[in-house]
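Atoms considered below: every heavy atom in the structure, side chains included; atoms not considered: hydrogens, waters and symmetry mates. In the text below, chain A, chain B and the rest are named by the order of the sequence lines, each starting its count at 1.
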Amino acid sequence: MKEGMFRNLSGCAISGIISKSGNRFSGQRIIDSIAVMHDRSNGLGGGFAAYGIYPEYKEYYAFHIFYDNKTAKKESEEFLEEHFDIINLSKIPTQKIPEITDEPLIWRYFVTPLPTKLAESQLDEREFVARCVFRINTAIDGAYIFSSGKNMGVFKAVGFPEDVARFYRLDEYEGYCFTAHGRYPTNTPGWWGGAHPFALLDYSVVHNGEISSYDANRRAIEMYGYKCTLQTDTEVITYIIDYLHRKNKLTLNEICSVIAAPFWSTIENKPQKEREELEFLRYAFASQLITGPFSIIVGFEGGMMALNDRLKLRSMVVGEKDDMVYVASEEAAIRVIQNDLDKVWSPKGGEGVIVLLEKGKI
Amino acid sequence: MAIDYIYPDYEIIRNNDRCIACRVCERQCSNEAHEYLSDSKKMVSDDAKCVNCHRCVSLCPTRALKIVQSDHTFKINANWDGKSIKEIYKQADSGGVLLSSMGNPENYPVYFDKILINASQVTNPPIDPLREPMETRVFLGPKPDKIERDDKGRIKKNLPPHIMLSMPVMFSAMSYGSISYNAHESLARAARELGILYNTGEGGLHEDLYKYGQNTIVQVASGRFGVHKKYLSSGAAIEIKMGQGAKPGIGGHLPGKKIVGDISKTRMIPEGSDAISPAPHHDIYSIEDLRQLVYSLKEATGYTKPVIVKIAAVHNVSAIASGIARSGADIIAIDGFRGGTGAAPTRIRDHVGIPIELALASVDKRLRDEGIRDNVSIVVGGSIRSSADVVKAVALGADCVYIGTAALIALGCHLCRSCQTGKCNWGIATQREDLVKRLNPNIGYKRLVNLLTAWQHEIKEMMGGMGINSIEALKGNRLMLRGVGLNEKELEILGIKHAGE
């Protein structure tokens with residue numbers, strides 16, 4: 001059965017590294033980090049999101065696409081040519097290793113919306129791109145855009161994360177932020193598109209947990225034009241963040257107060273202005289509250305955010321050294337790449353750890 | 001006459017060894033079913049007068065009484081059962097419409113009893129309600145249009161008019177007139193203590209109850225009984241009653257003998273006149289007319305109160321709900337075919353309308369498909385019998401439920417279904433002073449508080465079991481439900497999977 005035809009619950013491992021000054025570093029570091037947490041995965045899924053890896057194409061959207069067959073590729077490219085200016089296209093460089101098998105066709109395109117098509121659509125550029133991504137993913141059989149941001153990319157497959165990294169030659173990339181995910185699903189996914197991270201535009205989410213509010217969240221978010229095809233928690237979380245951040249223009253702190261909202265008893269003890277803000281958010285975005293264990297790392301253009309559910313039902317550790325910030329499911333995964341840390345701590349449930357690039361603004 | 005003799009359905013069985021002839025049963029029965037014979041010094045009972053309300057049974061000090069179903073039978077006939085035959089006798093005799101009270105008692109499927117609830121295990125821990133916060137607070141009202149920020153960039157709390165409830169349950173509309181003042185006072189005081197609302201029903205609001213206004217929904221029904229400006233301003237919300245589950249397509253009916261004293265004053269109609277509400281509101285013949293009334297009520301109350309539109313669950317309930325969601329209403333209340341009533345024509349109560357579970361699932365899905373689910377909250381009733389029904393209703397998509405019959409049962413109702421006679425022995429569905437005083441509001445309101453406190457606790461236990469600690473995460477969460485013994489079509493309409501999937 002293909003991923004998306006059933007609900008696949010998984011326990012996992014996550015890790016993230018960001019350089020606040022925007023200095024780019026090798027993907028090898030994130031590989032070493034996630035490899036330590038090998039036993040938290042079972043080899044049925046692994047993936048990475050990398051930011052700042054395409055500086056020479058940073059003005060263009062980098063589409064990473066899986067194709068089951070050549071027909072899907074042909075149809076998708078026709079669609080892309082009608083809607084975008086394709087600056088460059090190529091297969092994503094990979095190396096064959098025994099641990100990774102049954103790979104689909106994997107292609108990469110650097111594109112920008114065709115000005116006339118964009119004007120006709122009366123949408124802003126990011127909404128236009130998002131809708132095209134949904135179009136290809138739902139309407140063209142066998143084609144799946146799994147990464148669609150600028151100057152960033154997702155690399156994922158069925159396999160242990162360190163093997164997935166070797167397959168994609170991730171150590172050859174340099175970026176200012178990397179996140180990683182290793183999966184322990186309770187069913188066998190057959191299809192790479194279902195692996196994590198999940199990405200839309202420049203938002204990527206790696207997630208360890210299982211949310212009890214999944215169907216409540218899904219049925220609400222689908223009203224706003226998102227289609228949840230994968231039946232995974234990660235997909236719905238990514239859409240919620242896109243909806244709150246891009247469409248409703250909430251700040252990252254406000255987003256944390258929506259998805260990991262404080263309890264009413266906590267809100268009652270806050271000072272008046274803060275109390276009113278929190279009450280408004282809980283009223284207006286009640287359907288975007290996420291209950292159940294989760295530990296997420298969200299990557300976006302210009303930063304990274306880590307958040308636990310408000311009951312802290314999954315582990316998460318944060319470490320800092322100079323301008324580097326490390327987040328992982330286990331402290332060992334941080335120590336192995338940076339043993340001496342200025343600071344190391346476990347964030348409280350519901351309190352977001354938001355790291356922004358020094359020169360960027362969100 | 002022999003031709004219209006109907007043997008009583010129920011018989012009073014008196015254990016003469018236990019009976020001490022204290023005559024409590026004689027004094028208590030408003031139908032005069034018991035009599036003391038002074039020559040033989042014995043109590044006798046007339047089964048034909050018994051309505052099976054258990055008043056005498058509950059008060060007999062020696063448990064000498066019980067009510068049993070009579071075993072006097074017609075010849076067994078799967079098509080012409082005793083009930084169908086007797087109803088023809090009654091109509092041949094009277095030429096009248098058969099009248100009944102309370103909800104549809106016929107053998108139709110109860111979908112709540114074919115739906116099962118999930119619990120979390122292993123991959124997702126359940127949450128312990130005794131040790132962790134478990135939130136049941138709900139808000140009823142539309143989502144805000146936009147987010148406004150002050151000059152420091154902080155969000156302003158600009159919320160549309162809404163209702164805040166401590167738990168997703170409210171007391172359903174039961175008119176003053178169909179039930180007694182003491183019953184209304186019990187409901188009002190319980191609503192106040194619980195932090196929820198009760199509903200005036202279409203009989204207007206007694207002036208002594210204005211002080212509970214913050215916990216009151218004032219209803220505007222087709223007869224417009226008791227509707228004036230002060231009435232509208234007194235409540236926390238206004239409900240336009242377009243229909244009710246027990247009698248879709250017709251209006252309320254209060255027999256003249258119940259229109260006395262304060263009832264007549266509150267409803268603003270003469271004593272003794274039958275209060276028959278018209279079937280439609282005569283100023284609402286289309287959806288645009290409804291929109292006009294919604295906005296008239298909002299204008300009259302300065303846009304400070306949410307407006308609820310209550311409809312009966314009928315075949316095209318989804319399309320109607322979609323229209324209401326675009327009409328300016330803030331909340332839609334849907335009443336299923338099991339809903340109770342003080343009096344309704346039997347045929348309409350038993351054969352018109354659809355189950356609330358199916359109506360709710362369809363409406364919730366339709367509003368989401370059209371992208372307008374956020375415009376309104378959904379409240380459902382008819383019939384919610386326990387906290388498990390509440391959890392299932394919320395998981396199917398409801399924001400909140402209404403309880404009517406369950407609340408009356410807490411006050412002492414034994415579902416004898418004779419409300420239309422006005423002789424309720426429990427002091428609930430009557431206006432006779434000697435009977436009304438049997439319902440002590442000090443005790444009545446406490447029993448309602450007890451009932452809903454118990455339900456709230458049970459809801460928290462079930463939520464915790466599912467790994468949910470705030471009820472908004474349960475709303476519409478259909479993956480938390482599974483069907484059992486349902487066919488494909490039923491599962492499809494309910495939008496749930498079968499147990500085992």
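- Along residues 359-366 of chain B, the residues that come nearer than 4.5 angstrom to chain A, judged on non-hydrogen atoms, are B:Asp364, B:Lys365 in order of number.
- Both the backbone and the side chain of A:Ala220 have a heavy atom closer than 4.5 Å to some heavy atom of chain B.
- Considering all non-hydrogen atoms of both residues, B:Pro160 and A:Tyr283 come closest at CG-OH, 4.0 Å.
- Interface residue A:Arg310: only side-chain heavy atoms are found under 4.5 Å from chain B.
- Residues B:Met164 and A:Glu279 are not in side-chain contact: their nearest non-hydrogen atoms beyond the backbone lie 4.5 Å or more apart.
- Of the atoms belonging to B:Ser470, heavy atoms from both backbone and side chain fall under 4.5 Å from chain A.
- Within 6.0 Å of the CD atom in B:Glu148, the count of heavy atoms belonging to other residues, nucleotides or ligands exceeds 12.
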Test side chain to side chain contact (heavy atoms under 4.5 Å, CB included) applied to A:Lys273 and B:Asp150, step by step: CA-CA 11 Å; A:Lys273 197 73 190 69; B:Asp150 63 18; 3.5 Å; yes
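- For B:Ile127, the part sitting under 4.5 Å from any heavy atom of chain A is the side chain, from C-beta outward, and nothing else.
- When all heavy atoms are compared, the tightest approach of A:Met223 to B:Asp374 is CE-OD1, 3.7 Å.
- Counting only distance, with no hydrogens or angles, the side chain of B:Asn469 and the backbone of A:Thr291 share no donor-acceptor pair below 3.5 Å.
- Ranking B:Glu370, B:His162, B:Lys146, B:Glu501 against chain A, the residue ahead of the rest is B:His162, based on heavy-atom pairs under 4.5 Å.
- Chosen from B:Met466, B:Arg478, B:Glu132, the residue pairing most often with chain A at heavy-atom distances under 4.5 Å is B:Arg478.
- Residue contact with chain B, scored on non-hydrogen atoms closer than 4.5 Å, is absent for A:Ile290.
- If you measure heavy-atom distances from A:Asn248 to chain B, the contacts under 4.5 Å come from both the backbone and the side chain.
- For B:Glu472 (side chain) and A:Leu289 (main-chain N/O), no donor-acceptor pair under 3.5 Å exists by modelled atom type.
- Both the backbone and the side chain of A:Glu274 have a heavy atom closer than 4.5 Å to some heavy atom of chain B.
- Under the side chain to side chain contact (heavy atoms under 4.5 Å, CB included) criterion, B:Arg482 pairs with B:Leu479, B:Lys497, B:Ala499, sequence neighbours left out.
- Of the two parts of A:Leu311, only the side chain, counted from C-beta on, holds a non-hydrogen atom closer than 4.5 Å to a non-hydrogen atom of chain B.
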Stepwise side chain to side chain contact (heavy atoms under 4.5 Å, CB included) test for B:Arg154 and A:Glu277: CA-CA 7 Å; B:Arg154 305 191 72 168; A:Glu277 282 181 312; 2.9 Å; yes
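- Of the listed residues B:Asn124, B:Val138, B:Asn158, B:Ile147, the one with more heavy-atom pairs under 4.5 angstrom with chain A than any other is B:Asn124.
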